[in-house]
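To start, the structure under review is shown below, and the notes come after it.
For clarity, every value in this text was computed on a predicted model and none was experimentally measured. Lettering follows sequence order; numbering is per chain, from 1.
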Number of protein chains: 2
Amino acid sequence: MMVKDHSNFNYFHFLVLIHLLSNGGKDIYLEITSTQISRLINRSQQTASKLLIDLEKENLIERVKNKKKFGMKLTGTGFEILQNIYNLLKTSMEKSHTKPVLFKGKIVTGMGEGAYYMSLDGYKKQFHHKLGYEPFPGTLNVKIEDKNYVNSRKDLINYPSIYIDGFKNSDRTFGWVRCYPASIAQESKFSSEWIESQLPDPSTDVHVLLLERTHHNNNLIEVIGPLNIKESSNLKNGDNVVIKIKESARNT
Amino acid sequence: MMVKDHSNFNYFHFLVLIHLLSNGGKDIYLEITSTQISRLINRSQQTASKLLIDLEKENLIERVKNKKKFGMKLTGTGFEILQNIYNLLKTSMEKSHTKPVLFKGKIVTGMGEGAYYMSLDGYKKQFHHKLGYEPFPGTLNVKIEDKNYVNSRKDLINYPSIYIDGFKNSDRTFGWVRCYPASIAQESKFSSEWIESQLPDPSTDVHVLLLERTHHNNNLIEVIGPLNIKESSNLKNGDNVVIKIKESARNT
DNA sequence: ATTACTAAACTGCGAGTAT
DNA sequence: TATACTCGCAGTTTAGTAA
């Protein structure tokens, strides 16, 4: 974490330093009263005064008494602290965009229902057009046990997806389907740390589906691909697999 | 300031959110224990636990109990808070590079000494070469009263400058001179707010000098230019002027 | 192992006030 | 006007402990 263990550095100190920085206090002495600071941090003048004394003692700001007022600016170390926090946030923000969403689960039987839906023209045409392939008729079902994954699964709806419109035929309506580009591989193929962002070598490109009206709970993930995934990836029922959602879809 | 007045949001909350973000907790549920958090913030497990409860109540993180452990991730608003702080820091950092250093002072007499130094070959050649002009023989002296400016003046040494080497002749040595590109104008020409970063129309490009061995205190600024500044800028003794240091020199 | 309650110890905020 | 001290109280932190 290494932001500095000035262990008495708190949020107010931070706000004051930012305030100085954003008003040019890196280079020039700003005339700021403790009352102004108190309004900034929503505390009393006394507290603000103490804050400034602290910051001065810690050598984060430099103050010069002029008449009764103080002129103040950031010191080098004061600026460095802000820079450290900034860099930390920056890299965290950047990392946060590249971290993949993962699921670990077990392959279970259940091709019946999925195969039926895949075969419907209303879906088949859209899959072909929007995914670039016609899915093998039948979904691979992966059961997830870990509550964290079950929850992540619910959050999928917030991520970019390829949107397949619903439709109706003579006697019923069919809901929309959201497709998430993903890759699937046997769990052992991944290194122990699931934070790992490298793709394991023998992984297969597939799509994870989210259906408007799901019949099962959030503990089941349905996966489609151009081929019979079990065959092409050499997987069988009961195998533990890892599914990694790709950060790439650019629809809805 | 507008970072959010969740008035109970403190530095620890902030650190926890950053920790989550930098470990991918924007998208995935991380298994983090209160003990881990406690080490991160250097407080007890109990405090960390309360912190997490707070964050959950404020809807900044989302937690799912798995067995005894919690999986947790940032909520949308939790992420937004970090983004706001990040943006604030970002713009502050950017602004801090463009805010000019300013001095306000009064023109005083005193061309004698300056004129002598300017006329020395050891300096004259370097000025010509490094500044691109041969200074008018005589410095313009500006007296600064405000302690904040006097202090800023001392800090000039930390800023990039054009460095003029010292030298010695038969009977004495002459110290180095640092030159800071600047512009000077009559004070009234500036708008009342000296934070203003726009150049006033009728300003003159000059250099502010910092001498290794100064005879006067920090309350006097010596200015040189290619022409007689008083004449070319229509200034006279006693006039109040503003000097703005340019962020551009790229020597020492 | 965990999380988190309660109660006691501690820290920090702000009213009053001096300068 | 300023800044900043003291001191009482409220809010935090933590030890002990339960679940």
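Interface limits on DNA chain C: the 5'-most and 3'-most nucleotides within less than 4.0 Å of chain B heavy atoms are dA1(C) to dC5(C). Bracketed by its first and final contacts, the part of DNA chain D lying under 4.0 Å from non-hydrogen atoms of chain A reaches from dT1(D) to dC5(D) in 5' to 3' order.
For DNA chain C, the residues of residues 45-56 of chain B within the heavy-atom distance limit of 4.0 Å (strictly under) are Gln45(B), Gln46(B), Ser49(B), Ile53(B), sorted by number.
With sequence neighbours excluded, no residue forms a salt bridge (charged side-chain N to carboxylate O under 4.0 Å, His left out) with Lys57(B). Legend: residues meeting ring-ring contact (aromatic ring centres under 6.0 Å, His included) with Tyr86(A), ordered by chain and number and at least two apart, are Tyr86(B). Residues meeting the side chain to side chain contact (heavy atoms under 4.5 Å, CB included) test with Glu145(A), sequence neighbours left out: Lys143(A). Applying the salt bridge (charged side-chain N to carboxylate O under 4.0 Å, His left out) test to Asp146(A) and every residue at least two apart in sequence or in another chain returns nothing. Scored by the salt bridge (charged side-chain N to carboxylate O under 4.0 Å, His left out) test, Arg153(A) finds no partners at all (sequence neighbours excluded). By the salt bridge (charged side-chain N to carboxylate O under 4.0 Å, His left out) test, Lys26(B) pairs with no residue at all, sequence neighbours left out. Annotation: side chain to side chain contact (heavy atoms under 4.5 Å, CB included) contacts of Ser233(B) (sequence neighbours excluded): Thr204(B), Ile229(B), Leu235(B).
Residue pairs meeting the salt bridge (Lys or Arg N to Asp or Glu O under 4.0 Å) criterion with at least one member in residues 61-72 of chain A, sequence neighbours excluded, are Glu56(A)-Arg63(A).
Fit an axis to the five pairs at each end of the helix from dT2(C)-dA19(D) to dT19(C)-dA2(D) and the two axes sit 40° apart, to the nearest 10 degrees.
A donor and an acceptor atom, one from each side chain of Lys230(B) and Asn237(B), are located under 3.5 Å apart. Between the side chains of Asp155(B) and Tyr29(A), at least one donor N or O sits under 3.5 Å from an acceptor N or O. Side chains of Thr47(B) and Ser44(B): a donor-acceptor N/O pair is present below 3.5 angstrom, by distance only.
We find the OG-CZ distance between Ser34(B) and Arg39(B) to be 10.0 Å, quoted to the nearest 0.5 Å.
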